[in-house]
Structures are given as C-alpha cells and as structure tokens.
Chemist: 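Following this message is one structure expressed as structure tokens.
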Amino acid sequence: RPPVQMASMAPAGEDGNLANVVSDLESNYRANEASMAPDLKATYEKSLVSLDGSIRECLDSLQQEPRNTLARDYLLTAYTRKAEVLSSALESEGR
C-alpha cells in the first residue's frame, strides 16, 4: 500500500518539520519493507496504521480548530511515536 503523505497536510512550524522527518523515514521503511520478516513487518504495519489514524484525527481537529493546543500536542506525540516505530523498524532491518 502506498505511504500516507501527511507532511503536505501538516501545519507549519515544529510539527511540519517533524512531519517531514517522518515522511523521509517512511520512504526509507517502504523501500526496505520487502526484505523484512513477515511477522515483524505485520507488527510494524499495525502500529503505523494506528498512528496514521491518530495523526489524521489530529489534523482534522486542527483544521476545524487551529488553536486547539491539545490536538497539537497529540499530533506531535503521534508524529514522534511514528518516527520511533519507523526508526526501530529500520534498525532491526539493518541487523
């Protein structure tokens, strides 16, 4: 399945920068996922799908209410967690 391009929807500033980092990590992950063990890949995919859902919800909330600091905090947390999951997947692939 194609990667979810969230960076283009992300607000500017800190979360926009984080979205770009996540987008780069996801591109690397997608390029390497074919060589991952199926069970490992399935575990990472499950986490990524869940995090993409959280990111989408936060972006929707922020579109309707740009000053919603709670949604912005959740968005940063979701992007950070997604970056961690992608980094972990890429590290395990390199072993």
Chemist: Check whether any side-chain N or O of S23 sits under 3.5 Å from a backbone N or O of A19 as a donor-acceptor pair, and report yes or no.
Modeler: no
Chemist: If you look at every heavy atom in T80 and L18, which pair is closest and at what distance?
Modeler: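 What the structure gives for the nearest pair is OG1-CD2, 3.4 Å.
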Chemist: For residues A78 and I55, report the shortest heavy-atom separation together with the two atoms involved.
Modeler: CB-CG1, 3.6 Å
Chemist: Rounded to the nearest 0.5 Å, what separates atom CG in L51 from atom OH in Y44?
Modeler: 12.5 Å
Chemist: Can you tell me how far CD of E45 sits from CD of E33, rounded to the nearest 0.5 angstrom?
Modeler: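 Nearest 0.5 Å value for the CD-CD distance: 5.5 Å.
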Chemist: When you measure from the side chain of S50 to the backbone N and O of K46, does any donor-acceptor pair fall under 3.5 Å?
Modeler: no
Chemist: With a 4.5 Å heavy-atom cut-off, do L86 and L48 have their side chains touching?
Modeler: yes
Chemist: Just how far is it from atom CZ of R72 to atom SG of C58, taken to the nearest 0.5 Å?
Modeler: 10.0 Å
Chemist: In Å, rounded to the nearest 0.5 Å, how long is the span from OG of S47 to CZ of R81?
Modeler: 6.5 Å
Chemist: To the nearest 0.5 Å, tell me how far Q63 CD sits from N68 CG.
Modeler: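 Output value for this atom pair is 13.0 Å.
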Chemist: Rounded to the nearest 0.5 Å, what separation is found between the CG atom of L59 and the OH atom of Y79?
Modeler: 4.5 Å
Chemist: Minimum heavy-atom separation for Y29 and K41, please, with both atom names.
Modeler: OH-O, 3.9 Å
Chemist: Within the side chain of S88, is there an N or O that forms a donor-acceptor pair under 3.5 Å with the backbone of E84?
Modeler: no
